[in-house]
Amino acid sequence: MQLFKQQTLKISNSLSGKKDVFKPIKEGYVGMYVCGPTVYSNVHLGNCRTFMSFDMIFRYLKHLGYKVRYVRNITDAGHLENDAEDGEDKIAKKAKLEQLEPMEVVQRYTVDFHETLQQFNFLSPSIEPTATGHIIEQIEIIKEILKKGFAYVANGSVYFDVIKFNETNDYGKLSGRKLEDMIANTRALAAQDEKKSPQDFALWKKAEPQHIMRWPSPWGDGFPGWHLECTAMSTKYLGDTFDIHGGGMDLKFPHHECEIAQAEASTGHSPVNYWMHANMLTLNGKKMSKSTDNNIYPNEIFSGENSILSKPFSPSVVRFFMLQAHYTSILDLSDDALLASEKGFYRLMEGLKNLETLAAGDTTDFDIPSWEQRCYDAMNDDFNTPILISHLFEAVKHINLIKEGKENITTKDKASLQNILHTFIFDVLGLEDQQESSGNSKTLSGVVELLIQLRNNARANKDFATSDKIRDELLELGVQLKDGKDGTTFTVN
RNA sequence: GGCAUCGUGGCCGAGUGGCUAGGCACAGCUCUGCAAAAGCUUGUACAGCGGUUCGAAUCCGCUCGAUGCCUCCA
């Protein structure tokens, strides 16, 4: 069952800039941390893509037999609007706006987040820590960084000293930036007096009297900086050095760069072996963003209530659509692309159903073991789901040929094929056959079967007016009849 | 302005120094009472211009274009 001993997994590592062979720190175990959402509004589809990519990665690692501890945080405090003096906490700002308690805001959007992810069939992470639950840990790290001399206190706030850090370490190694360039290109911001250098970032911010969310600290009442929470929570649950750290591409700089700096400053060594970045989902060719309103919410897609798409699309179709692109590529959402994915997805599900009904033969005209290995090869090559899906369609093609009587499969191979397909489609890709789960299916299929019988009787009597009427009217209701070699089947759209 | 990524056939989207991606759409054929479904076949694409090479869409350079980051964002 320890497939990882047979398969060589390669991962695109943003830190090395290459595809590296994955070797966990402790054989058989993987520690993975992914930056979760800031719960100050509903998750939009762009957010979901990142979490979906890591859900797929989590699933595949588990499938390979690794014991994975997957930590995905909830940012419920400390996320500043900007680093300027008037920096305001996103949660607190929203709370004032809506006349709610900050924790009420957090609760509302955390629930929304979970509900949305559930619809997409995400697995729960092993631990889902919150920033506010780890204030003590964050203060401890700040103390440690101060002790090492890489931070300074200014007027009740604590800042990370980037220039000092860069003397002994490499600030910018993840994002490919040089500190000199950054300094040369810094825009002159007003009210930066507290910071020694504009590149310095807050570890702890002093809370102004009107600030609602505040905690006591050795430097006075305040709240932690955004970058720090991920350092605190990742190292608390995964150790000072862990295997995989993931997140959206847009967090690479400065967020992840700062995480590296904080960890190296406090512990003296690099916190993460493999940095993974999921690319953006775009809409109208532009990145989805809460602040620019260029976004679409999952529920708007499921319900069809939006101005972009011609019809509703189910969560599995959306999931399939996203998995047809590699997670490191930018993907653009469009009606045409979703329509194409929807048809493809139904074809895949249809193939799976057809497989169950195949009659077994004496031989198999389809090299299943080598095909299976190609499926693994695709996933081992940096989780290449588009290639995996193309292989799945290859299997569908064979299934249809067998159904047509043009190829054969033995009982044993049929079971094996069924097993492999189920594993990849449902366990690894996390897709769901939503027609199956749509309830009432027993009644419906009974009724349709009856109509099929009536239609076949009519056809036998050459009463094509009746048979076509049954066929066409069923189609209008969304039931498509399919005349095959061994009788008639149907699908519901 | 700086850093980075990308530019693939009608659309979406993989990939590789020389050999079929795949899905959707379109066309022809097979099957069918007719369709649909399914199967088969065809399309010969890799932004432009140079260079390296026996050979490049794949490596290098330049040009053009797009996007991301540089300020909050997955």
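Naming: A, B, ... by sequence-line order, numbering from 1 per chain.
Two residues are said to be in side-chain contact when any heavy atoms from C-beta on lie closer than 4.5 Å; A:T110 and A:H114 meet this criterion.
Between A:D468 and A:R471 there is a salt bridge, with a side-chain nitrogen of the basic residue lying less than 4.0 Å from a carboxylate oxygen of the acidic one. The residues A:R59 and A:D55 are annotated as salt-bridged, a charged nitrogen and a carboxylate oxygen being separated by less than 4.0 angstrom. A:D381 and A:K19 are joined by a salt bridge, as a carboxylate oxygen and a charged side-chain nitrogen come within less than 4.0 angstrom of each other.
Aromatic ring pairs are classed by plane angle as parallel below 30°, tilted from 30° to 60° and perpendicular above 60°; the pair A:H227 and A:F201 is perpendicular. Classified by interplanar angle (parallel below 30°, tilted 30° to 60°, perpendicular above 60°), the ring pair A:H256/A:H245 is perpendicular. Classified by interplanar angle (parallel below 30°, tilted 30° to 60°, perpendicular above 60°), the ring pair A:F366/A:H398 is parallel. Ring-plane geometry between A:W275 and A:H277 is classed as parallel, the angle between the planes falling under 30 degrees on a 0 to 90 degree scale with a further cut at 60.
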Nucleotide pairing, RNA chain B (Watson-Crick or G-U, distances under 3.5 Å), in dot-bracket with [ ] and |: (((((((..(((.....[...)))..((((.......)))).....(((((..]....))))))))))))....
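For B:rU67, one of the phosphate oxygens OP1 or OP2 lies less than 4.0 angstrom from a side-chain nitrogen or oxygen of A:K286.
By the criterion of a centre-to-centre distance under 5.5 Å and near-parallel planes under 30°, the ring of A:F464 forms a stack with the base of B:rG33.
Both A:L339 and A:G247 lie near RNA chain B, and the one whose nearest nucleotide falls closer to the 5' end is A:L339.
Under the 6.0 Å distance and 45° angle rule, A:R72 counts as a cation-pi partner of A:F51. By the 6.0 Å and 45° rule, A:K311 stacks over the aromatic ring of A:F313.
Remark: the separation of the P atoms in B:rC49 and B:rG15 is 25 Å, to the nearest Å. On the P atoms, B:rC40 is 16 Å away from B:rA21, given to the nearest whole Å. Nucleotides B:rG22 and B:rA14 have their C1' atoms positioned 8 Å apart, rounded to a whole Å. The gap from the P atom of B:rU41 to that of B:rC24 amounts to 15 Å, rounded to the nearest Å. If you take atom C1' in B:rC12 and the same atom in B:rA45, they sit 14 Å apart, rounded to whole Å. Comparing B:rU8 with B:rG13, their P atoms are spaced 9 Å from each other, to the whole Å. Rounded to the nearest Å, the gap between the C1' atom of B:rC62 and that of B:rU52 is 15 Å. Taking the C1' atom of each, B:rG65 and B:rG48 are spaced 10 Å apart, rounded to whole Å.
A:M322 places its CE atom 11 Å from the C1' atom of B:rA74, with the value rounded to the nearest Å. Whole-Å rounding puts the A:H391 NE2 to B:rG22 P distance at 11 Å. At whole-Å resolution of the value, CZ in A:F122 and P in B:rA74 are 14 Å apart. Between A:Y297 atom OH and B:rA74 atom C1' there is a gap of 13 Å when expressed in whole angstrom units. Between A:N456 atom CG and B:rG33 atom P there is a gap of 12 Å when expressed in whole angstrom units. Atoms NZ (A:K462) and P (B:rU32) sit 12 Å apart, rounded to a whole Å. Separating the CE atom of A:M249 from the C1' atom of B:rA74 is a distance of 11 Å, rounded to the nearest angstrom. Atom CD1 of A:I74 is separated from atom P of B:rA74 by 11 Å (rounded to the nearest Å).
Counting only heavy atoms from C-beta on, A:K343 has its side chain closest to B:rA25 among B:rA74, B:rA25, B:rG33. If you check B:rC72, B:rA21, B:rG33 against the side chain of A:S390, the one that comes closest is B:rA21. Between B:rC72, B:rG33, B:rC3, one nucleotide has an atom nearer to the side chain of A:S467 than all others, and that is B:rG33. Listed candidates were B:rG2, B:rA74, B:rG33. Nearest to the side chain of A:R177 is B:rG2. For A:F253, the listed nucleotide lying nearest its side chain is B:rC69; candidates were B:rG33, B:rC69, B:rA74.
Counting non-hydrogen atoms under 4.0 angstrom, A:G246 reaches nothing in the nucleic acid. Counting any heavy atom pair closer than 4.0 Å across all strands shown, A:L392 reaches no nucleic acid atom. Within 4.0 Å (heavy atoms only), A:H44 reaches at least one base atom of the nucleic acid. Across all strands, A:G36 comes closer than 4.0 Å only to sugar-phosphate atoms, never to a base (heavy-atom distances).
With hydrogens and angles disregarded, no donor-acceptor distance shorter than 3.5 Å links the side chain of A:E257 to the backbone of A:Y171.
With A:R455 as the partner, the side-chain contact (heavy atoms from CB on, under 4.5 Å) test is satisfied by one option alone out of A:T466, A:D483, A:D463: A:D483.
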Short heteroatom pairs, N/O only, protein and nucleotides 36-40 of chain B, under 3.5 Å:
unit_1, atom_1, unit_2, atom_2, d
B:rA36, O2', A:Q480, NE2, 2.6
B:rA36, N1, A:D483, N, 3.2
B:rA36, N1, A:D483, O, 3.0
B:rA38, O3', A:N400, ND2, 3.0
B:rA38, O2', A:E404, OE2, 3.4
B:rG39, OP1, A:R347, NH2, 3.2
B:rG39, OP1, A:N400, ND2, 3.0
B:rG39, O2', A:K406, NZ, 3.4
B:rC40, OP1, A:K397, NZ, 3.2

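Judged purely by distance below 3.5 Å, without hydrogens or angles, the side chains of A:S341 and A:Q324 pair a donor atom with an acceptor atom.
A ring-centre distance under 6.0 Å is not found for A:F54 and A:F383.
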Sequence-aligned protein contact record of nucleotides 4-20 of chain B, with B where the base is within under 4.0 Å of a protein heavy atom and S where only the sugar-phosphate is: --------SSSS-----
